Amino acid sequence: MEKSRVLIVGGTGFVGRRIVAASLAEGYPTYVLLRPEIGLDIDKLQMLLAFKAQGAQLVEASLDDHEGLVAAIRQVDVVVSAMSGVHFRSHNLMLQLKLVEAIKIAGNVKRFVPSEFGMDPSRMGDALEPGRVSFDEKMVIRRAIEDANIPHTYVSANCFAAYFCPNLCQMKTLLPPKERVGVYADGNVKVFFVDENDVGTYTIKSIDDPRTLNKTIYIRPQDNCLTQNELITKWEKFTGKSLEKFHIPGDDFLATMKDLDFANQVGMGHYYHIFYEGCLTNFEIGDNGAEATQLYPQVQYTSMDEYLKRYM
């Protein structure tokens, strides 16, 4: 079967660059949106030029230029958005409404993957303020997609390993703790950790797959379904050093939110749902979803053993 032409929006971001790499590796005709708003951001421009050197086509269009955006979309079959949705970097989820409108007018797109890649927002209706804003906005985008009858796939990638694994789930650092580690509640809530490169691979695998049409794909590598305690034990085994553990009850964890800025309050709310409520693992995938590692068993996903060893 001929591979679809794929346009990635947000291709220089943390997730987007990995989706571009996966698309090129899988042999898809890969297009990356070059937005004039890039301005003087030389790092982004050089990354885009590197993609071009690897075979991607750069398509210049602004989200604020409706006609130009429609023209860009009409060159492809699939659109994947990886626009940033985290408050401590940049938060652009609602700009996707312009993308949805352009896809609707273009009329040729056979699959749209919006920027989600975390928890399933449809399951987060009772999320805490202010962190629920991320889920509320993603649901606004979903409703716009579905109201426009745009064929779609949603991707739930759980916890990106880079942000949750080497730091043993500690906030405000990406590096492994050296002496002490905070443990959320009893540390026995199961969590799925996913290598971000694997997120790109599974996303691209899904775009031409009829089994994923109008469904949510959950990336749940079973070997990476770990409790925080299990993750800490792995690190201690690899390093040969025991860490001092201190437990953080849920009420104490939430009490520290009030003195933080907005971005950190959002992050803490998400941590609470993951490590205290178990929102990533407390449900079964229903008929409207599918599990990526079962759909694509040929993909050799990265284990957290491998991931942790990079930081030794």
Side-chain angles (χ1 to χ4, degrees), residues 14 85-89 91 117-120 123-124 126-135 156-196 199 219-221 223-283 302-312:
F14 178 73
V86 291
H87 286 82
F88 63 85
R89 298 181 74 174
H91 187 82
F117 306 111
M119 307 174 220
D120 180 353
R123 300 189 57 83
M124 302 304 296
D126 296 324
L128 296 171
E129 296 282 5
R132 65 171 298 122
V133 64
S134 302
F135 313 121
S156 175
N158 296 292
C159 286
F160 291 130
Y163 284 105
F164 288 91
C165 179
N167 60 3
L168 307 183
C169 310
Q170 307 301 285
M171 297 190 70
K172 300 183 180 179
T173 182
L174 299 175
L175 299 174
K178 291 181 169 54
E179 304 293 339
R180 304 174 75 234
V181 58
V183 179
Y184 305 115
D186 63 6
N188 289 325
V189 172
K190 288 284 190 178
V191 175
F192 285 104
F193 299 92
V194 183
D195 180 294
E196 40 280 348
V199 174
I219 306 177
R220 287 183 157 189
D223 290 345
N224 294 346
C225 185
L226 304 167
T227 67
Q228 188 187 9
N229 285 331
E230 289 171 335
L231 189 66
I232 293 169
T233 298
K234 284 180 181 291
W235 180 250
E236 290 178 329
K237 178 181 177 182
F238 293 148
T239 61
K241 179 180 179 180
S242 294
L243 297 169
E244 178 188 347
K245 289 92 176 169
F246 61 96
H247 291 264
I248 309 170
D251 289 345
D252 291 354
F253 182 84
L254 292 176
T256 63
M257 284 179 58
K258 64 181 185 300
D259 298 323
L260 300 176
D261 60 25
F262 181 82
N264 278 294
Q265 287 185 15
V266 169
M268 286 196 73
H270 294 180
Y271 262 66
Y272 184 81
H273 297 306
I274 293 169
F275 293 107
Y276 290 91
E277 295 181 342
C279 70
L280 302 181
T281 56
N282 63 2
F283 65 95
T302 302
S303 72
M304 289 306 99
D305 285 20
E306 297 173 69
Y307 208 99
L308 283 171
K309 288 176 181 177
R310 299 173 188 172
Y311 288 77
M312 292 179 61

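Along the sequence shown, the residues carry numbers beginning at 1. Treat the numbers as computed from the prediction; the structure is a model and nothing was measured.
Between the side chain of E236 and the main chain of L243, a donor-acceptor pair closer than 3.5 Å is present. H273 contributes no side-chain N or O that, together with a main-chain N or O of A127, makes up a donor-acceptor pair within less than 3.5 Å. Although no hydrogens or angles enter the test, the distance criterion places no donor-acceptor pair under 3.5 Å between the side chain of D120 and the main chain of S156. Listed for the D223 side chain is no donor-acceptor partner under 3.5 Å among the backbone atoms of S303.
In this structure, F238 CZ and D305 CG are separated by 4.0 Å, a value rounded to the nearest 0.5 Å. Atom SG of residue C279 and atom CG of residue N158 lie 8.5 Å apart, to the nearest 0.5 angstrom. Note that NZ of K309 is 12.5 Å distant from OG1 of T239, once rounded to the nearest 0.5 Å. Expressed to the nearest 0.5 Å, how far SG of C169 lies from CG of L231 amounts to 5.0 Å. Atoms CD1 and CZ, on I219 and F192 in that order, are 11.5 Å from each other to the nearest 0.5 Å. Note that CD of E244 is 16.0 Å distant from NZ of K178, once rounded to the nearest 0.5 Å.
Listed here is the closest heavy atom pair of M304 and C165: SD-SG, 3.5 Å. Here the closest heavy-atom approach between residue L280 and residue F283 is recorded as O-CE2, 3.7 Å. The heavy-atom pair separating M119 from M124 by the smallest distance is SD-CE, 3.9 Å. Minimum heavy-atom separation, M268 to L260: SD-CD1, 3.0 Å. Residues A185 and H247 share a closest heavy-atom pair of O-ND1, 2.7 Å. Contact detail for N264 and M171: the closest heavy-atom pair is O-CE, 4.4 Å.
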**Message:** Run L226 and K234 through side-chain contact (heavy atoms from CB on, under 4.5 Å) and show every step you take.
**Reply:** CA-CA 10 Å; L226 304 167; K234 284 180 181 291; 3.8 Å; yes
**Message:** Using the rule given for side-chain contact (heavy atoms from CB on, under 4.5 Å), can you reason through V194 versus N224, listing the C-alpha separation, both sets of side-chain angles and the distance that settles it, and then say yes or no?
**Reply:** CA-CA 7 Å; V194 183; N224 294 346; 5.9 Å; no
**Asked** Does the side-chain contact (heavy atoms from CB on, under 4.5 Å) test come out yes or no for I274 and Q228, once each step is laid out?
**Response** CA-CA 11 Å; I274 293 169; Q228 188 187 9; over 6 Å; no
**Message:** Assess the residue pair T256 and I248 against the criterion (side-chain contact (heavy atoms from CB on, under 4.5 Å)); give the C-alpha distance rounded to whole Å, side-chain angles, the decisive distance to 0.1 Å, and a yes or no.
**Reply:** CA-CA 11 Å; T256 63; I248 309 170; over 6 Å; no
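Summarising the local packing, CG of D126 is surrounded by 12 or fewer heavy atoms from other residues, nucleotides or ligands at distances under 6.0 Å. Annotation for D251: atom CG does not count as buried by contact number, only 12 or fewer foreign heavy atoms lying within 6.0 Å.
Looking only at side-chain heavy atoms (C-beta outward), W235 and M312 come within less than 4.5 Å of each other. Residues E230 and K190 are in side-chain contact: their nearest non-hydrogen atoms beyond the backbone lie under 4.5 Å apart. Counting only heavy atoms from C-beta outward, the side chains of V181 and Q170 approach each other to under 4.5 Å. Inter-residue side-chain proximity for V191 and F164 is flagged as unmet; no heavy-atom pair is nearer than 4.5 Å. Side-chain contact check for L174 versus Y163: some heavy-atom pair is nearer than 4.5 Å.
Taking the six-membered ring where tryptophan is involved, the planes of Y307 and Y311 are essentially parallel, since the angle between them stays under 30° and well short of 60°.
Applying the ring pair (Phe, Tyr, Trp, His ring centres under 6.0 Å) criterion to Y184, with sequence neighbours excluded, gives F253, Y271, F275, Y276.
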